[in-house]
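Whatever order the structure lists ligands and atoms in, that order sets their numbers, starting from 1.
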Amino acid sequence: MSVKDSAHSLFISDLHLSDSRPAISRLFFDFLQQTAIHADALYILGDLFEYWLGDDTLDAPLNQQVCRELRQLADSGVNVYFMHGNRDFLIAERFASACHATLLADPALVNLYGTPTLLMHGDTLCTDDVKYLAFRTQVHDPNWQNQFLAQPLAARISMAQQARAQSESDKQEKSTEIMDVNDDAVREILRQHHYPRLIHGHTHRSAQHTVSLDGRACQRWVLPDWYDNGGYLRCDAHTCQFASLTV
Ligand code: LP5
Ligand code: MN
């Protein structure tokens, strides 16, 4: 069977690549070279990096390597798409063009082999997490971002570390329900986009859900994180299925 006969796209998110977990970076590069190379498209739905402090960090060794590997994939004919997560929302056009990737808005509605499919990172569906959403509004403000990006790198690293520490401590106080998607928010976005299939990450609770809504059954696919091992979702014209990758 030729590659075209088995046309498919792959979806990943929440890799949280960082120098502190080199095995996951290696797993990702192997995935790009051995698995993603056979796909029509690779969709990275946010949190590729543990955090991103600005496109002026592109020449850090790990960032450079990730970019080189993505560029090789794109240059071999695979469309590479990138959506922001809550850790790497500062990725901008300079990064995307260096990697030969296309930045996607969140949400993005795509026609996947005839099935309308809504792609999201997933954080905006967690509407019960009021404290997180307030933080998100602040750091998505263009003025805040310009001021942040104008700081020296050492100051940005320090602020990111403080934010991470605060986030970890706040999460101890939040229930698992608060940090999961809100069912009404899911229904609302599905209605707004005329009942597509939904694929998102962020919650790290990989699963396939069926949302019964207004007499229809919408599929919601939640992508796995890449903390201990890795994984991806593969969709073709007929079906979607999860696959896992072992370090
Ligand atoms: O990230 P994760 O998955 O562990 O938790 C998320 C939510 N937390 C966040 C915060 C990020 O982890 C912070 C790191 C981002 C670095 C980006 C670049 C630098 C930006 C610098 C910003 C100052 O996204 C967490 C959710 C959870 O998902 C589940 O959905 O609950 O939300 C929070 O924990 C938010 C907190 O409740 C409130 C925000 C605290 C940040 C305070 C900033 C203090 C910095 C002071 C600097 C002088
Ligand atoms: Mn996330």
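Summary of contacts: the protein heavy atom closest to atom 7 (C) of ligand 1 is Y132 CD1, 3.6 Å. Protein heavy atom nearest atom 42 (C) of ligand 1, with residue, atom name and distance: Q166 CG, 3.9 Å. In terms of protein heavy atoms, atom 8 (N) of ligand 1 is closest to S167 OG, 2.9 Å. For atom 37 (O) of ligand 1, the nearest non-hydrogen atom of the protein is D170 OD2, 2.7 Å. Nearest non-hydrogen protein atom to atom 4 (O) of ligand 1 is K171 NZ, 2.5 Å. With hydrogens left out, the protein atom closest to atom 12 (O) of ligand 1 is R164 NH1, 2.8 Å, a heavy atom. Shortest contact from atom 6 (C) of ligand 1 to any protein heavy atom: N86 ND2, 3.4 Å. For atom 26 (C) of ligand 1, the closest heavy atom belonging to the protein is D129 OD2, 3.3 Å.
The shortest heavy-atom distance from D123 to ligand 1 is not under 4.0 Å.
When non-hydrogen atoms are compared, ligand 1 lies under 4.0 Å from the side chain of F89 (C-beta onward) but not from its backbone. Contacts between R136 and ligand 1 below 4.0 angstrom, taking non-hydrogen atoms only, are absent altogether.
Vertex the Mn ion (ligand 2); arms to N86 atom OD1 and H121 atom NE2; angle 90° (nearest 10°). Note: angle at the Mn ion (ligand 2), from OD2 of D47 to ND1 of H202, is 170° (rounded to 10 degrees).
For the 3.5 Å distance criterion, the side chains of N182 and D128 qualify, holding a donor opposite an acceptor. Between the side chains of Q33 and Q72, no donor-acceptor pair of N or O atoms lies under 3.5 Å.
Atoms of ligand 1 lying under 4.0 Å from any heavy atom of K131, numbered from 1 in the order shown and given with element: 37 (O). Applying the 4.0 Å criterion to heavy atoms of Y51 picks out, from ligand 1, the atoms 16 (C). Of all atoms in ligand 1, numbered sequentially from 1 with element shown, those under 4.0 Å from a heavy atom of Q162 are 46 (C), 47 (C), 48 (C). Which parts of ligand 1 touch E168 is read off a 4.0 Å heavy-atom cut-off, strictly below it: atoms 4 (O). Each of the atoms 18 (C) of ligand 1 lies under 4.0 Å from some heavy atom of W52. Contact atoms of ligand 1 toward H202: 28 (O), 29 (C), 30 (O) (distance under 4.0 Å to a heavy atom of the residue).
Ring pair H16/Y51: centre-to-centre distance not below 6.0 Å. W221 and F11 have their aromatic ring centers separated by at least 6.0 angstrom. You'll find the ring centres of Y232 and F31 inside the 6.0 Å limit.
Look at D123 and the Mn ion (ligand 2): no N/O/S atom of the residue is under 2.8 Å from the metal.
Nearest heavy atoms, D180 versus T203: OD1-CG2, 3.6 Å. Here the shortest heavy-atom pairing between A39 and L10 reads CB-CG, 3.9 Å.
At distances below 3.5 Å, not a single donor-acceptor pair connects side-chain atoms of R216 with backbone N or O atoms of Y195. The backbone N or O of V222 sits less than 3.5 Å from a side-chain atom of S206, completing a donor-acceptor pair. In terms of modelled atom types and a separation under 3.5 Å, the side chain of R71 and the main chain of A101 share no donor-acceptor contact.
Using a 4.0 Å cut-off between charged side-chain N and carboxylate O, R156 and D56 make a salt bridge.
A perpendicular orientation is assigned to the rings of H84 and F82, their planes being inclined by more than 60° (bins at 30° and 60°). Ring geometry for W144 against F148 counts as parallel: the plane angle stays under 30°, on a 0 to 90° scale with 60° as the upper cut.
For ligand 1, the polar-atom distance check against H16 finds no nitrogen or oxygen pair separated by under 3.5 Å. Checked against a 3.5 angstrom limit, the closest N/O atoms of K174 and ligand 1 fall inside it.
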Would R234 and D236 count as a salt bridge (Lys or Arg N to Asp or Glu O under 4.0 Å) if you check the C-alpha gap in whole Å, the side-chain angles of each, and the deciding distance to 0.1 Å?
-> CA-CA 7 Å; R234 178 192 191 281; D236 60 25; 3.3 Å; yes
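Atom 11 (C) of ligand 1 has its nearest heavy-atom neighbour, among E50, Q151, R87, in R87.
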